[in-house]
Amino acid sequence: MKQHHPENDPQYKGLTVNEGVASPPVVNPYWHARRKRQTFSPAEYTEQIRKGNITVLSQAVTLLESQLPEHQAIAQEVIEKCLAYSGHSVRIGITGVPGAGKSTSIDAFGMHLIHERQKKLAVLAIDPSSERSKGSILGDKTRMEELSREPNAFIRPSPSAGSLGGVARKTRETIILCEAAGFDTIFVETVGVGQSETAVHSMVDFFLLIQLAGTGDELQGIKRGIMEMADGIVVNKADGNNIDKANLAAAQYRNALHLFPLPPSGWSPKVMTYSGYYKLGIREVWDSVYEYIDYTKQNGYFDFRRNSQSKYWMYESINEQLKNHFYQSPVIAKTLVQKEQQVLNSEISSFQAAKQMLDLYFNH
Ligand SMILES: Nc1nc2c(ncn2[C@@H]2O[C@H](COP(=O)(O)OP(=O)(O)O)[C@@H](O)[C@H]2O)c(=O)[nH]1
Ligand SMILES: [Mg+2]
């Protein structure tokens with residue numbers, strides 16, 4: 001039946017308005033049904049992860065990143081179960097200032113490792129600022145174009161902002177899940193400008209520092225401490241008319257490294273040049289990384305380092321949880337602002353205030 005419409009009046013003959021075709025609802029009625037995720041028991045998660053099911057691996061990582069206690073509880077159980085199957089990988093930290101070419105290089109390194117060395121690669125990141133900077137690290141998947149299409153690669157951005165300790169712990173736990181899923185090579189990327197290097201250094205077997213050539217200031221905001229942590233330094237963008245500059249920079253880094261004492265691994269870090277963009281010198285970089293791994297496995301440093309890291313993470317975890325328990329305790333939350341104000345008003349000293357808060361915490 002034709003709908004009544006003023007323009008359908010006989011006086012407007014020839015201007016008939018037809019009933020339109022009903023348009024589908026804007027919201028997909030199946031949205032909820034599709035969104036609802038299959039939920040697994042910790043044992044089922046573990047089984048699927050062990051089979052290399054990437055979708056379930058991602059879901060488990062999402063659980064462990066969740067703030068919800070019930071998600072945390074499942075995630076912790078899954079990690080516990082996966083622990084027995086973890087550890088059989090080479091973990092590599094990658095750092096460098098923004099623009100050094102980390103993303104480009106990870107793409108090139110990853111393709112090399114997967115296709116030339118038959119590895120399975122998981123790429124993780126630690127970026128405590130990621131909420132603020134909208135996940136700058138690994139956010140630019142376009143620079144990891146090849147790797148992001150690679151079935152033998154698993155790329156996971158940094159857990160979103162929280163305390164560095166919290167973000168780092170989650171990344172370390174993600175390493176365990178990835179290893180249980182059969183990834184034998186783990187990259188942990190971080191921006192070489194702050195504290196996060198120490199956190200990454202405490203969870204990897206090899207720490208690679210990506211540097212740039214010739215900007216005058218050869219340390220480029222990379223603190224001496226970060227250079228000291230590096231097991232290898234690579235100068236990127238050694239291509240085109242930048243090759244001489246890259247070689248010069250490499251020589252300068254070599255000289256700088258001579259001033260540092262020999263690291264406890266007994267391995268003196270090598271400095272190499274390469275081009276991530278043009279894929280030059282990639283094989284040599286990785287020959288050197290594996291040479292280090294073999295060397296430290298033989299002299300026992302590899303296991304020693306992993307053991308010290310486990311110990312470190314036990315204490316880190318205790319510290320983190322004590323701190324959370326303190327700040328989340330209702331009696332503390334209630335009094336903290338008031339105490340802070342007293343300190344600001346110079347009514348009591350910082351130390352006195354801290355002591356009073358701790359007494360309150362331990363004695364309430
Ligand atoms: N010429 C040249 N440019 C490169 C190379 N690697 C990266 N770049 C460029 O340097 C810029 C920063 O690279 P990106 O990978 O995003 O650096 P990131 O911030 O450290 O992740 C981009 O414009 C890249 O195309 C390289 O090997 N040679
Ligand atoms: Mg990047």
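Numbering of ligands and ligand atoms starts at 1, following listing order. Worth saying up front: this structure is predicted, and the values here are computed from it rather than measured. Along the sequence shown, residues are numbered consecutively beginning with 1.
Polar contact check, S105 against ligand 1: no nitrogen or oxygen pair lies under 3.5 Å apart. Considering backbone and side-chain atoms alike, Y274 places every N or O at 3.5 Å or more from each N or O of ligand 1. An N or O contact shorter than 3.5 Å links K237 to ligand 1 by distance. Residue-to-ligand polar distances place G99 within reach of ligand 1: an N/O pair is separated by less than 3.5 Å. Between S103 and ligand 1, at least one pair of N/O atoms sits closer than 3.5 Å.
Separating the CD1 atom in I186 from the CZ atom in F154 is a distance of 9.5 Å, to the nearest 0.5 Å. Annotation: the span from L208 atom CG to I92 atom CD1 amounts to 8.0 Å, rounded to 0.5 Å. Going from atom OG1 of T198 over to atom CE of M203 covers 10.5 Å, rounded to the nearest 0.5 Å. With rounding to the nearest 0.5 Å, the separation of CD1 in I49 from CD in E47 is 11.0 Å. In this structure, CE on M357 lies 13.0 Å from CD on Q352, to the nearest 0.5 angstrom.
Among the atoms of T104, none of the N, O or S atoms falls under 2.8 Å from the Mg ion (ligand 2).
Taking a 4.0 Å cut-off on heavy atoms, G96 fails to register as neighbouring ligand 1. Residue contact check for ligand 1: I106 places no non-hydrogen atom closer than 4.0 Å to it.
In the vicinity of K102, heavy-atom distances shorter than 4.0 Å reach the ligand 1 atoms 15 (O), 17 (O), 18 (P), 19 (O), 20 (O), 21 (O). Short contacts between ligand 1 and S275, defined as distances under 4.0 Å to a heavy atom of the residue, involve ligand atoms 26 (C), 27 (O), 28 (N). In the vicinity of P98, heavy-atom distances shorter than 4.0 Å reach the ligand 1 atoms 19 (O). Of all atoms in ligand 1, listed by their number and element, those nearer than 4.0 Å to a heavy atom of G276 are 27 (O). Short contacts between ligand 1 and D239, defined as distances under 4.0 Å to a heavy atom of the residue, involve ligand atoms 1 (N), 2 (C), 26 (C), 27 (O), 28 (N).
Among the candidates W267, Y292, F302, W286, the single residue satisfying the ring pair (Phe, Tyr, Trp, His ring centres under 6.0 Å) test with F206 is Y292. Between I210 and the options V234, I233, V97, V235, a side-chain contact (heavy atoms from CB on, under 4.5 Å) holds for only V234.
Residues F109 and Y274 place their aromatic rings such that the two centres sit under 6.0 Å apart.
Heavy-atom neighbours of Y277 OH from other residues, nucleotides or ligands within 6.0 Å: at or below the threshold of 12.
Looking at I94, V97, T104 and measuring to atom 7 (C) of ligand 1, the nearest heavy atom belongs to T104.
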